[in-house]
Amino acid sequence: MKFVYIENLRNFVNEEVELRGWLYNKRESGSVKFIILRDGTGFVQCILSKTDVPVEIFERNIPYESSIVVRGIVREDKRAPGGYEVLVKDIKVITESENYPIPKVREDNIPDVDVLMPMRHLWIRSKKQWAILRIRSEVEQAIHDFFYNRGFIRTDAPILTPASVEGTTTLFEIDYFGKPAYLSQSGQLYVEATMMSFSKVYCFGPTFRAEKSKTRKHLSEFWMVEPEVAYAELEDVMDLAEELVEYIVERVLERKMEELKILERDIKELESVKKPFYRITYEQAIEKLMKKGFNIKYGDDFGADEEKGIVEEYDKPVSIMFYPKEIKPFYMKIDYIDKTKVRNFDMLVPYVGEIIGGSQREEDIETLISRIREENLPMELYIWYLETRKYGGVPHSGFGLGVERTVLWITKAQHIRETIPFPRLLEKIYP
RNA sequence: GCCUCGGUAGCUCAAUGGUAGAGCGGCGGGCUGUUAACCCGUAGGCUGCAGGUUCGAGUCCUGCCCGAGGCGCCA
């Protein structure tokens, strides 16, 4: 008896196999019963015919989400969802799960999030969540492959940190052997240091923001990939960012088509995500918005409506470059020509807004010191950072890409909480 | 922090101030190819909490609690 996964069933047509999984759904019609089995790799219809299985197996009523082991013969059949099905010979129930709390229901009867969220540990078994999280896995793997293939070294940054990276945002404070410490809001300062050892680096890990944000695209804990490249100027990492995004989408289209179909995602929109993307300046963005009737002036940052107003002008991701230095953090490099601007970019996509923020970094130690003073940051905590400039500082650039926002964009999930297995949201930390 | 909407059966929702209902799910029965199956039957309720108005409140009023959506902050 061969134990196989559903994703490989096509290779075992007319053979007897064993499947191990959970009862996802069922229907019955007199002497024929249909069971939808899921095993993590896919879903398959299993047929119980009264004449083919022992009567005690046929008559046993197995509740939803019971764990079961099914033996049967693989058949190709057009009537089966997915084209393959299993004629059951035997079913073994491992654990019977009575009264599964999430109803198997119709679309007009899907429980509200306040019902589903406390059951996130069970909700992730449902088909859409399964599809979204499989795509998340593919996105993460694509990121690693992309950088690995380009010779980047993965150097992860610490999660416990003595100070804020940017100084302004609210951090989660913890007790570190009697002294205050903070959960990292970005690994950037640390990859700037490891870059001086390895030239091309990235970190990949969780980041934490204690802001009281309550929107479709904010989490208190989210994952970010942050590459940093020595001797790279702004335009170099913009190329890198666009190639990364193009690659991620390509990989999902190549390997996760079934999941995109479950989510009813418009494939054409994703297929058009090919370089070159669009690049505009901050000033061009302001002008465009003013022409469209937005109440905005030079020097303002873009809110949710403004981001949407810009993104809807384009059929691909668009990057906005050269923001006024006042609305950006201290480490960004002042532009060569216009000293009021920084050499940065934000990449925006439809439905989500910003998925990438990046910049060329300030390498001049004196400029950095005065910027740190201007921002009233604790200089003593940045000594090590300044030393990366003191000893062989070079021009360099990097960016951060938000994993969940990228998954949100690709899957068009209803809310960012569906793009991570166990989301941490404003004041919500269960389960 | 601000604005808006909501809370009635396990879930999704109805119910002019006048006997609390339906669909789905559960349970029982029927159907030999179902596709979010279908048909028959059945159980299931402190209408978020506390006051008030009224002959009578799910419905009107006041306060509170909880939730959702959006904005802001931010990535």
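Keep in mind it's a predicted model, so treat the numbers as computed, not measured. Labels below follow one simple rule: chain letters A, B, ... track the order of the sequence lines, proteins then strands, and each chain is numbered from 1.
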So what does G400(A) hit on the nucleic acid, given a heavy-atom distance under 4.0 Å: a base, only sugar-phosphate, or nothing?
nothing
If you look at every strand shown and take non-hydrogen atoms under 4.0 Å, does T207(A) touch a base, only sugar-phosphate, or nothing?
nothing
C1' spacing across the pair C11(B) / C73(B), given as an integer number of angstrom
35 Å
Find out whether F208(A) and F222(A) are in side-chain contact, i.e. whether some heavy atom of one side chain is under 4.5 Å from a heavy atom of the other.
no
How about CZ on R150(A), more than 12 heavy atoms from neighbouring residues, nucleotides or ligands closer than 6.0 Å, or not?
yes
Sugar-phosphate or base contact per nucleotide [nucleotides 42-47 of chain B; S, B, -; heavy atom under 4.0 Å]
------
Could you tell me whether the phosphate oxygens of U34(B), OP1 or OP2, come under 4.0 Å of any side-chain nitrogen or oxygen in R27(A)?
no
Expressed in whole Å, how much space separates the P atoms belonging to A14(B) and U54(B)?
31 Å
Does anything in residues 43-54 of chain A pair up under salt bridge (charged side-chain N to carboxylate O under 4.0 Å, His left out), and if so which pairs, sequence neighbours excluded?
none
Base, sugar-phosphate or nothing for Q414(A)? Non-hydrogen atoms, less than 4.0 Å.
nothing
S49(A) near the nucleic acid: base, sugar-phosphate alone, or nothing, with a heavy-atom cut-off under 4.0 Å?
nothing
Centroid under 5.5 Å and tilt under 30°, F222(A) to A75(B):
yes
Check D305(A) with K292(A), please: is the shortest side-chain N to carboxylate O separation under 4.0 Å?
no
What interatomic distance, in whole Å, is found between P of C65(B) and the corresponding atom of G10(B)?
26 Å
Quick one: look up who C38(B) pairs with, Watson-Crick or G-U, both distances under 3.5 Å, and put none if it's unpaired.
G30(B)
Has Q414(A) got more than 12 heavy atoms of other residues, nucleotides or ligands less than 6.0 Å from its CD?
no
To the nearest 0.5 Å, what is the distance between CD on E15(A) and CZ on R75(A)?
12.0 Å
Contact class for F58(A) (heavy atom, under 4.0 Å): base, sugar-phosphate, or nothing?
nothing
Could you check whether K33(A) gets within reach of a base, just the sugar-phosphate, or nothing at all, counting any heavy atom under 4.0 Å?
nothing
G67(B) phosphate, OP1 or OP2: any side-chain N/O from K428(A) under 4.0 angstrom?
yes
Please tell me if R417(A) has a side-chain N or O lying less than 4.0 Å from either OP1 or OP2 of G69(B).
yes
Would you kindly check whether a donor in the side chain of S213(A) faces an acceptor in the base of C74(B), or vice versa, at under 3.5 angstrom?
no
Quick one: is U34(B) close enough that its OP1 or OP2 comes under 4.0 Å of any side-chain N or O from S29(A)?
no
If you measure from the C1' atom in C2(B) to the same atom in U42(B), how many Å do you get, rounded?
50 Å
Can you check whether any acceptor in the base of G10(B) is under 3.5 Å from a donor in the side chain of N99(A), or vice versa?
no
Within 45 degrees of the ring normal and closer than 6.0 Å to the centroid, is that where the cationic atom of K341(A) sits relative to Y323(A)?
no
Under a 3.5 Å cut-off for both contacts, is G1(B) paired Watson-Crick or G-U wobble with anything, and if yes, with which nucleotide?
C71(B)
Using a cut-off of 4.0 Å on non-hydrogen atoms, how would the nucleic acid contact of D112(A) be classed: base, sugar-phosphate, or nothing?
sugar-phosphate
Considering only atom C1', compute the distance from U35(B) to A75(B) and round it to an integer number of Å.
43 Å
On RNA chain B, compare the nucleotides closest to K214(A) and Y64(A); which residue's is nearer the 5' end?
Y64(A)
Base, sugar-phosphate or nothing for L219(A)? Non-hydrogen atoms, less than 4.0 Å.
base
N/O donor-acceptor pair, side chain E28(A) with base U34(B), under 3.5 angstrom
no
Mind checking the C1' distance from A43(B) to C55(B)? Whole angstroms is fine.
35 Å
Using the P atom in both, what is the distance from C61(B) to G23(B), to the nearest Å?
32 Å
Strictly below 4.0 Å: does N61(A) bring a side-chain N or O up to OP1 or OP2 of C27(B)?
yes
Could you tell me how far A9(B) sits from G30(B) if I compare only their C1' atoms? Round to whole Å.
26 Å
Could you tell me whether R60(A) and E96(A) make a salt bridge, using a distance below 4.0 angstrom between a side-chain N and a carboxylate O?
yes
